[in-house]
Amino acid sequence: MKTLAQLLLASLGAGVASAETKAFCPDYLNYSQVTHEPLSTGKYALSYQRPIPACRTFNSSTVEALIANMSSVVADPDLYRLFENTFPNTLDTAIRWRGHAANNSAEELAFIITGDINAMWLRDSANQLQSYLPVLESDPVQIQQPESIASLFRGVINLQARYLLTSPFCNSFQPPPESGIQPAVNTDAASDAVTPAYDPRAVFECKYELDSLAAFLQVSTQYYETTHDAAFFAKFQWLPAVQAVLATARAMADAGTYGADGRVLPSPYTFTRQTSRTTETLANDGLGSPVRVTGLVRSAFRPSDDSTLFQFLVPANMMFARYLAGAAGIVAKLGSQAPPGLADEMNAFERALSAAIAKHGVVPVVSANGSSVETVYAYEVDGYGSANLMDDANVPSLLAAPFFGYLANTDAVYQRTRARILSADANPYFMKGSAISAVGGPHVGPGMAWPMASIVRILTSDDDGEIVAQLKEILATTDGLGLIHESVNSNNASQWTRPWFSWANGLFGQMILDLRFRKPEILKQSFQ
Ligand SMILES: *[C@@H]1O[C@H](CO)[C@@H](O)[C@H](O)[C@H]1NC(C)=O
Ligand SMILES: *[C@@H]1O[C@H](CO)[C@@H](O)[C@H](O)[C@H]1NC(C)=O
Ligand SMILES: *[C@@H]1O[C@H](CO)[C@@H](O)[C@H](O)[C@H]1NC(C)=O
Ligand SMILES: *[C@@H]1O[C@H](CO)[C@@H](O)[C@H](O)[C@H]1NC(C)=O
Ligand SMILES: *[C@@H]1O[C@H](CO)[C@@H](O)[C@H](O)[C@H]1NC(C)=O
Ligand SMILES: *[C@@H]1O[C@H](CO)[C@@H](O)[C@H](O)[C@H]1NC(C)=O
């Protein structure tokens with residue numbers, strides 16, 4: 001006689017297996033580049049971009065109800081279509097596999113691909129799920145039920161914990177062996193020389209990015225703070241994974257490039273790649289630019305997966321501090337189930353990091369009128385006094401600091417920093433144009449604005465005029481496809497990159513749901 005759990009497992013396994021073999025389902029990489037009827041009825045005539053129900057990778061009746069409800073909240077037909085396409089995009093297309101650990105049938109696993117690349121990024125998967133916080137409810141049966149968003153969160157947290165325990169310096173991972181899915185071949189990484197070494201059957205790419213560590217703490221904190229399900233965190237490998245995250249961050253904070261006697265210290269992480277792009281490898285034979293100990297944590301790469309110019313990436317340190325505090329709350333709640341002193345250690349690390357950000361991450365610049373000196377957050381510093389004054393579209397960015405909860409958008413240093421970030425005269429990666437003006441970055445390059453940065457600008461603004469202007473630009477630059485692309489030529493919206501970028505799609509939906517409560521009158525407006 002089978003238990004309820006076994007029956008659920010059997011039915012889920014069958015569902016996934018048949019979904020995998022649905023030969024009539026188009027490849028979404030192709031589907032997302034083609035227009036599908038019915039078009040939206042406004043002047044932008046946006047394509048319908050959801051796969052047919054039988055081809056979706058996850059069904060949620062709560063999400064369907066929310067999408068339906070929003071049709072009476074969002075008045076403009078084109079804006080509603082963009083929401084309808086983007087909000088469910090991760091569920092519709094990117095839940096590549098769900099199952100259980102081979103050595104523990106109670107441990108849920110979820111492998112979520114980034115979209116057009118068949119691998120799971122720590123950052124993307126945490127953010128892909130973040131979009132569904134408004135529909136996350138704790139479920140009574142902690143076993144993988146077909147429609148449970150909570151189960152998806154647990155599956156991602158468990159799989160990220162496994163990844164971090166074996167390869168804490170890596171950013172992107174292969175399907176778990178339990179899935180039976182073949183590892184993807186990463187031709188870009190063919191020439192990579194990385195220490196510590198990694199197993200390419202488990203790791204897709206091994207760029208050490210501080211925000212990947214923060215992403216694990218983020219998805220954990222967000223699951224806990226919404227469901228209050230503390231018990232989950234004591235069951236599997238979460239606590240050891242948190243300790244691995246702390247050890248990795250400490251190793252990247254405690255030592256600089258040189259020892260007291262001037263000798264070059266062995267770096268816990270090095271990376272080189274044969275490439276024609278400077279942002280795809282590290283200077284100094286894989287060490288990166290020299291750093292001095294400041295209390296900040298080094299990051300070899302940015303959330304764009306481009307290398308840092310100076311290794312103390314300030315927004316990544318902000319995000320890591322923010323979610324160290326969040327995850328410390330879970331550890332504290334676990335009481336004697338957690339290692340003694342762990343929550344205190346995390347809180348102390350957070351306080352030290354925040355102090356180091358205030359001391360080393362805030363730098364003087366000459367004001368725009370040239371007559372005074374003001375302080376702003378630098379994007380990157382090195383502890384020697386050098387600062388990189390810019391922002392990049394990928395989150396964590398400086399622009400997003402209030403979005404991920406490090407500071408309030410009224411913070412004076414943030415406001416001055418924001419004014420520079422959003423100025424083509426002060427941020428070398430602000431892309432100004434006739435189609436869209438937004439922060440971009442070296443990842444796709446000059447001239448290419450990132451709609452993701454326009455979305456973050458809305459999420460961090462209280463100014464109705466600014467919000468409406470950003471919504472108009474985003475809506476006008478999907479090339480009729482009704483999806484959020486990675487980047488758009490700021491002067492020609494028919495030129496864009498990445499047809500299927502699931503995180504950016506979800507972030508757009510999340511932003512519209514945020515406006516529903518914060519600025520409902522804006523969603524009543526026409527954008528024609
Ligand atoms: C995309 O799908 C269309 C229609 O099914 C097909 O004609 C086309 O060849 C496909 N393109 C690619 C690049 O697979
Ligand atoms: C979602 O529901 C449709 C029926 O509406 C079904 O055909 C499909 O297999 C389901 N997908 C999953 C992943 O369960
Ligand atoms: C949709 O709206 C109905 C009626 O207002 C409400 O009862 C329901 O909870 C809403 N569902 C969601 C998912 O927001
Ligand atoms: C279960 O298997 C995974 C993947 O092989 C491994 O990382 C993990 O350490 C194992 N867990 C236990 C408790 O043995
Ligand atoms: C120049 O700008 C600074 C900071 O924005 C402001 O405090 C100062 O009053 C301005 N000076 C003049 C002469 O406009
Ligand atoms: C915009 O880009 C498209 C696609 O590359 C091209 O066909 C078109 O000529 C460009 N428009 C202008 C005004 O340059």
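All heavy atoms count here, side chains included; hydrogens, waters and symmetry mates do not. Numbering of residues begins at 1 and proceeds along the displayed sequence. Since we're looking at a predicted model, the values are computed, not measured. Counting starts at 1 for both ligands and their atoms, following the listed order.
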Any heavy atom of Thr57 under 4.0 Å from ligand 2? The part involved is backbone
So the atoms of ligand 2 within less than 4.0 Å of a heavy atom of Asn59 turn out to be 1 (C), 2 (O), 3 (C), 8 (C), 10 (C), 11 (N), 12 (C), 14 (O)
For atom 13 (C) of ligand 6, is the nearest protein heavy atom under 4.0 Å away? no
What atoms of ligand 2 come within less than 4.0 Å of a heavy atom belonging to Pro53? 1 (C), 3 (C), 5 (O), 8 (C)
The side-chain contact (heavy atoms from CB on, under 4.5 Å) partner of Phe508 among Leu483, Asn89, Leu82 is Leu82
Side chains of Asn158 and Trp238: any donor to acceptor distance under 3.5 Å? no
Here the atoms of ligand 6 under 4.0 Å from any heavy atom belonging to Asn492 are 1 (C), 2 (O), 3 (C), 8 (C), 10 (C), 11 (N), 12 (C), 14 (O)
Which of the numbered atoms in ligand 2 are under 4.0 angstrom from any heavy atom belonging to Ala54? 7 (O)
Quick one: nearest non-hydrogen protein atom to atom 1 (C) of ligand 4, plus distance? Asn103 ND2, 1.6 Å
Between the side chains of Ser125 and Gln160, is a donor N or O closer than 3.5 angstrom to an acceptor N or O? yes
With a 3.5 Å cut-off and no angle check, do the side chains of Glu209 and Ser299 form a donor-acceptor pair? no
min-distance protein heavy atom vs atom 9 (O) of ligand 4 -> Gln237 OE1, 3.4 Å
Nearest-contact summary for atom 7 (O) of ligand 4 - protein heavy atom, Å: Arg162 CG, 3.6 Å
Using distance alone, with no hydrogens and no angle criterion, decide if Asn505 and Gln49 have a side-chain donor and acceptor under 3.5 Å apart. no
Can you confirm whether something in the protein, heavy atoms only, sits under 4.0 Å from atom 5 (O) of ligand 4? no
Would you say Asn489 and Asn491 are linked by a side-chain donor-acceptor pair, where the criterion is simply a distance under 3.5 Å? no
Does either side chain, that of Trp496 or that of Asp479, offer a donor lying less than 3.5 Å from an acceptor on the other one? yes
Should the heavy atoms of other residues, nucleotides or ligands under 6.0 Å from CZ of Arg201 be counted, would the total exceed 12? no
In terms of atom number and element, which parts of ligand 2 are under 4.0 angstrom from non-hydrogen atoms of Arg56? 11 (N), 13 (C)
